[in-house]
Q: 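Dropping the structure in here first, questions after.
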Number of protein chains: 2
Amino acid sequence: MNDMHEHEHDDIVSRLRDAGLRPTRQRLALADLLFSHGDRHVTAESLYDEALGQGVRVSLATIYNTLNQFTSSGLLREVVVDSGKSYFDTNTEAHQHVFNEDTGAIDDVQLSLDAEELASRIAVPEGHEITGVDVVVRLRRSQ
Amino acid sequence: MNDMHEHEHDDIVSRLRDAGLRPTRQRLALADLLFSHGDRHVTAESLYDEALGQGVRVSLATIYNTLNQFTSSGLLREVVVDSGKSYFDTNTEAHQHVFNEDTGAIDDVQLSLDAEELASRIAVPEGHEITGVDVVVRLRRSQ
DNA sequence: GTAACTGCAAAACTTTTGCAACCAG
DNA sequence: CTGGTTGCAAAAGTTTTGCAGTTAC
């Protein structure tokens, strides 16, 4: 296989099983890329290129499936910063984002604002619930 | 033409000229739809359908051109809430949004949070500037 | 008259889907 | 085995583009 350590491999297997997903070759390889290198922000295309670059044989359709499945099961969080492309964040904790509109790069920030408190100021319609409070600071090169 | 009052028509003409845009038939009609009915949130498709419904003859390509030109010149503000579709807001003042993920409806809210203050907590890279601080509260039907 | 603008169709992108082949348990 | 998964190609949805024809000034 590759140089994944045995216990890391087992961790990833458990993580997938806990999420109700079979630990297939593709999902293991993608989970390893996503979760074994700190907090990351990827797009389908960037993860696809990275996988191919690492010699992981996987189709783009599977990348999309996997990113969506990981997001549904709480392993990833989708970050909406661009109206033409989906970004996914391996950090699922409450935090905010800085988006560089020139490069498409996303950074995490902790603005220590209370999403609960913000949410409490919203008049939530009957039978609805707040699924998230997203904060994005947009950056661009000056001039 | 239609039942636009003369002075309203003139207002719109000035507004377009001030933005450096020729007041063409299409732009006048779209500006009227957008700015004569309070604060609105539209997509290219929704504005296109509305225009056709009102008997305004305009192509979808022109809707896209117009929305982008209006946004560039500050007449509209783009609201990024969906990674597959662009929304435009006629309210260009500082405010936040509530997005209903089931219906795609957007509402304005004033959370009276200080974007300047939030922005001041960000480490802005050399030669870059903050172009906006976006806050979106996401809603979904419970269950 | 001329540069700006518009419409149409085609192209470019991102994402989803249908289905046969494949694989984990 | 058998249902979940994958890959491929095709389709779907949104947005942009190229360019001939039109319009504002």
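Computation of the quantities below employed the complete heavy-atom set of this structure, encompassing side-chain atoms and omitting hydrogens, waters and symmetry-equivalent molecules. Numbers restart at 1 for each chain; the letters A, B, ... are given by sequence-line order, proteins then strands.
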Q: OP1, OP2 of dG7(D) versus side-chain N and O of Q26(A): anything below 4.0 Å?
A: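 For dG7(D), OP1 or OP2 has a side-chain N or O of Q26(A) closer than 4.0 Å.
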
Q: Which nucleotide wins on minimum distance to the side chain of R17(A), given the candidates dG7(D), dT6(C), dG25(C)?
A: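 Output: dG25(C).
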
Q: With a 4.0 Å cutoff (strictly under), does any side-chain N or O of S86(A) reach OP1 or OP2 of dT14(C)?
A: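 Indeed not, no polar side-chain atom of S86(A) lies that close.
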
Q: Specify the separation, in whole Å, of atom CD1 of I63(A) and atom P of dC8(D).
A: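 Taking atom P of dC8(D) as the reference, CD1 of I63(A) is at 12 Å.
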
Q: Provide, to the nearest angstrom, the distance between the CG atom belonging to L16(A) and the P atom belonging to dT5(D).
A: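 Result: 10 Å.
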
Q: Would you mind telling me which of dG7(C), dT14(C), dA9(D) lies closest to the side-chain atoms of K85(A)?
A: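 The closest nucleotide is dT14(C).
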
Q: Quick one: on DNA chain C, does A44(A) or T66(B) contact a more 5' nucleotide (nearest heavy atom)?
A: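 Per heavy-atom nearest nucleotide, the more 5' residue is T66(B).
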
Q: Does R77(A) count as lying over the ring of F88(A), i.e. NZ or CZ under 6.0 Å from the six-ring centre, within 45 degrees of the axis?
A: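 No; the conditions do not both hold, so R77(A) does not lie above the ring face of F88(A).
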
Q: Between CZ of R15(A) and CG of L75(A), what distance do you get to the nearest 0.5 Å?
A: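 One gets 5.5 Å once the value is rounded to the nearest 0.5 Å.
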
Q: For L30(A) and dT5(D), give me the distance from atom CG to atom P, rounded to whole Å.
A: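 Answer to the nearest Å: 14 Å.
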
Q: I need the CG-P distance between L21(A) and dG4(D), as an integer number of Å.
A: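 About 12 Å, once rounded to whole Å.
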
Q: Categorize T43(B) for me: base, sugar-phosphate, or nothing, with a 4.0 angstrom heavy-atom threshold over every strand shown.
A: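 Nothing, no heavy atom under 4.0 Å.
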
Q: Determine whether the side chains of D89(A) and H95(A) contain a donor N or O and an acceptor N or O closer than 3.5 Å.
A: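 Yes, side-chain donor-acceptor contact under 3.5 Å.
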
Q: Closest nucleotide of DNA chain D for P23(B) versus for G84(B): which of these residues is on the 5' side?
A: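 Whichever sits nearer the 5' end wins; that is G84(B).
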
Q: Rounded to the nearest Å, what distance is computed from the CG atom of residue L60(A) to the C1' atom of nucleotide dT16(C)?
A: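 Whole-Å distance recorded here is 11 Å.
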
Q: Over how many whole Å does the gap from R57(B) atom CZ to dT6(C) atom C1' extend?
A: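 Those two atoms, CZ and C1', are 11 Å apart.
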
Q: Please check if any side-chain donor atom of H97(A) sits under 3.5 Å from a side-chain acceptor atom of D107(A), or the reverse.
A: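 Judged by distance alone, the side chains do not pair up.
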
Q: Reckon N68(B) has a side-chain N or O less than 4.0 Å from the OP1 or OP2 of dT16(D)?
A: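 So the side-chain polar atoms of N68(B) do come within 4.0 Å of the phosphate oxygens OP1 or OP2 of dT16(D), strictly under.
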
Q: Check the phosphate of dT6(C) against S59(B), side-chain N and O only, distance under 4.0 Å to OP1 or OP2. Yes or no?
A: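 Indeed not, no polar side-chain atom of S59(B) lies that close.
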
Q: Could you please name the option among dT6(D), dT15(D), dT14(C) that lies closest to any side-chain atom of Y64(A)?
A: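 So the side chain of Y64(A) is nearest to dT14(C).
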
Q: Just compare dT6(C), dG7(C), dG7(D) and give me whichever is closest to any side-chain atom of R27(B).
A: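 Among dT6(C), dG7(C), dG7(D), the one nearest the side chain of R27(B) is dT6(C).
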
Q: Could you state the OH-P distance from Y48(B) to dG13(D), rounded to the nearest angstrom?
A: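 So the OH-P distance, Y48(B) to dG13(D), works out to 16 Å.
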
Q: For H128(B) and D102(A), what are the C-alpha separation, side-chain angles and deciding distance, and is it a side-chain hydrogen bond (donor to acceptor under 3.5 Å, both in side chains)?
A: CA-CA 10 Å; H128(B) 290 252; D102(A) 295 313; 4.6 Å; no

Q: Please report, rounded to the nearest Å, how far the P atom of dG7(D) is from the CZ atom of R25(A).
A: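 It works out to 6 Å between those atoms.
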
Q: Looking at S83(B), does any N or O in its side chain come under 4.0 Å of the phosphate oxygens OP1/OP2 on dT14(C)?
A: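 Answer no for this pair, as no side-chain N or O of S83(B) is under 4.0 Å from OP1 or OP2.
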
Q: Between E78(A) and R138(B), is the closest basic N to carboxylate O distance under 4.0 Å?
A: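 Looking at R138(B) and E78(A), the cut-off is not met.
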
Q: Consider the side chain of R22(A), meaning its heavy atoms from C-beta on, and name the nucleotide among dT16(C), dT6(D), dC23(C) that approaches it most closely.
A: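 Of all the options, the side chain of R22(A) is nearest to dC23(C).
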
